[in-house]
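Worksheet: the structure to be examined is printed underneath.
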Amino acid sequence: MKHVYTGKTKDVYALEDGNYLLQFKDDVTGVDGVFDPGANTVGLTIEGAGRSGLKLTKYFFEVLKEKEIPTHYVNADIEKATMTVKPAEVFGNGLEVICRYRAVGSFLRRYGLYAEEGQSLDAFVEVTIKDDEREDPPISEDALDMLRILSKEEYKVLKELTTQISNVVKEELAKKDIELYDIKLEFGRTGEDKQIVLIDEISGGNMRAYKDGEYIEPLELEKLFL
């Protein structure tokens, strides 16, 4: 097992069989000690956050597998806080795809002249570049194509998968009377055919979920849902 990458919330190791091992950490994104799934810095460390995030990730990835939605997931070990995944090539230096059901976070900060906090959005999908120095700027379909980060055909697949996956998560949470406000996903190309698949995780650390109008912290979400 060879260490190949240190991320904000996970470390990545290459395995001898060609797959990769993700080691989930207790670090979560945020600013000044306040959790924010849209932040591009580690804001705080919460004991148990790694295993909690992996429990939700394992649950959702296995639901997606049953629905034959493509992901890089192979298996997970909750006790060791690790997940084995298939190798995948990210788009450019990495993209984040956000699906929004209500106006909160960076959407509200950008469009507050027109948007009201918490107003309904119709599964609005937007793409941002993973670029800490420039605070992960949004990027359009045309710019993605012109800069050769992904083609217009790939963008269409990316958007369709984002909506499909986000709706699955939303429906699952709704079974426990939990409302999904927004979710951040990552995708990559895998295999010889360069199939676009969901990568990374689906956990409380990359979504905003509410119950009875109150925001649910990442660890609390896992407890309420599972």
Side-chain angles (χ1 to χ4, degrees), residues 9 28-29 35-40 52-73 83 85 88 90-91 94-108 110-111 115 117-130 136 138-141 144 150 153-190 195-211 213 215-218 221-222 224-226:
T9 59
V28 297
T29 55
F35 167 72
D36 182 352
N40 56 13
S52 177
L54 180 56
K55 286 178 183 177
L56 282 171
T57 297
K58 181 176 186 289
Y59 176 88
F60 285 120
F61 270 86
E62 291 183 351
V63 168
L64 295 175
K65 184 178 180 180
E66 290 176 4
K67 295 180 180 294
E68 299 183 348
I69 298 173
T71 75
H72 70 161
Y73 177 79
M83 182 168 77
V85 301
V90 298
F91 297 98
L95 301 174
E96 292 177 340
V97 190
I98 300 100
C99 186
R100 302 183 183 277
Y101 296 97
R102 288 193 179 273
V104 290
S106 59
F107 182 93
L108 190 64
R110 289 198 304 267
Y111 308 123
E117 183 173 4
Q119 79 174 64
S120 295
L121 302 173
D122 187 18
F124 173 72
V125 174
E126 62 180 341
V127 180
T128 65
I129 299 171
K130 293 184 76 171
D136 298 349
I139 186 168
S140 68
E141 176 185 357
L144 286 165
L150 56 77
E153 291 75 18
E154 287 179 318
Y155 180 87
K156 182 180 179 181
V157 174
L158 198 74
K159 186 175 180 180
E160 288 176 351
L161 279 174
T162 297
T163 304
Q164 188 179 13
I165 292 165
S166 300
N167 284 339
V168 168
V169 175
K170 189 175 190 293
E171 289 165 5
E172 288 294 316
L173 292 174
K175 293 176 182 178
K176 297 293 179 71
D177 296 320
I178 298 170
E179 183 179 356
L180 180 65
Y181 273 35
D182 61 29
I183 185 167
K184 178 174 63 180
L185 304 173
E186 294 187 35
F187 294 87
R189 304 181 184 97
T190 188
Q195 182 185 25
I196 296 176
V197 302
L198 178 70
I199 63 172
D200 198 43
E201 65 179 282
I202 301 178
S203 70
N206 63 339
M207 70 175 77
R208 289 186 182 88
Y210 287 67
K211 189 176 180 69
Y215 168 70
I216 308 170
E217 294 286 347
L221 177 62
E222 179 252 318
L224 282 175
F225 183 67
L226 298 179

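In what follows, every heavy atom counts, from backbone to side chain, and hydrogens, waters and symmetry copies are set aside.
Salt bridge R110/E126: present, at least one basic N to carboxylate O contact under 4.0 Å. One finds a salt bridge joining E172 and K175 here, because a Lys/Arg side-chain nitrogen approaches an Asp/Glu carboxylate oxygen to under 4.0 Å. Using a 4.0 Å cut-off between a side-chain N of Lys or Arg and a carboxylate O of Asp or Glu, K211 and E179 do not qualify as a salt bridge.
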Checklist entry - Given K67 and E62, is the salt bridge (Lys or Arg N to Asp or Glu O under 4.0 Å) satisfied, shown in steps? => result CA-CA 9 Å; K67 295 180 180 294; E62 291 183 351; over 6 Å; no
Item to check | Evaluation steps, side-chain contact (heavy atoms from CB on, under 4.5 Å), between R102 and Y210 | outcome: CA-CA 11 Å; R102 288 193 179 273; Y210 287 67; over 6 Å; no
Item to check | side chain to side chain donor-acceptor pair (under 3.5 Å) between R100 and S120, worked out | outcome: CA-CA 9 Å; R100 302 183 183 277; S120 295; over 6 Å; no
Next on the checklist: side-chain contact (heavy atoms from CB on, under 4.5 Å) for K184 and S166? Distances and angles first, verdict last.
Outcome noted: CA-CA 9 Å; K184 178 174 63 180; S166 300; over 6 Å; no
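In this structure, N206 contributes its side chain and S203 its backbone to a donor-acceptor pair below 3.5 Å. In this structure, D200 contributes its side chain and L185 its backbone to no donor-acceptor pair below 3.5 Å. Here the side chain of T162 pairs no donor or acceptor atom with the backbone of V97 at under 3.5 angstrom.
Remark: F225 pairs with Y59, F60 by the ring-ring contact (aromatic ring centres under 6.0 Å, His included) rule, at least two apart or across chains.
The shortest non-hydrogen separation linking R189 to V90 is NH1-O, 4.2 Å.
Within the 4.5 Å cutoff, the side chain of I98 has no heavy atoms near those of the I183 side chain.
Taking the six-membered ring for Trp, Y181 and Y215 have ring centres at least 6.0 Å apart.
Once rounded to the nearest 0.5 Å, the distance linking CG of L56 with CZ of F61 reads 11.5 Å.
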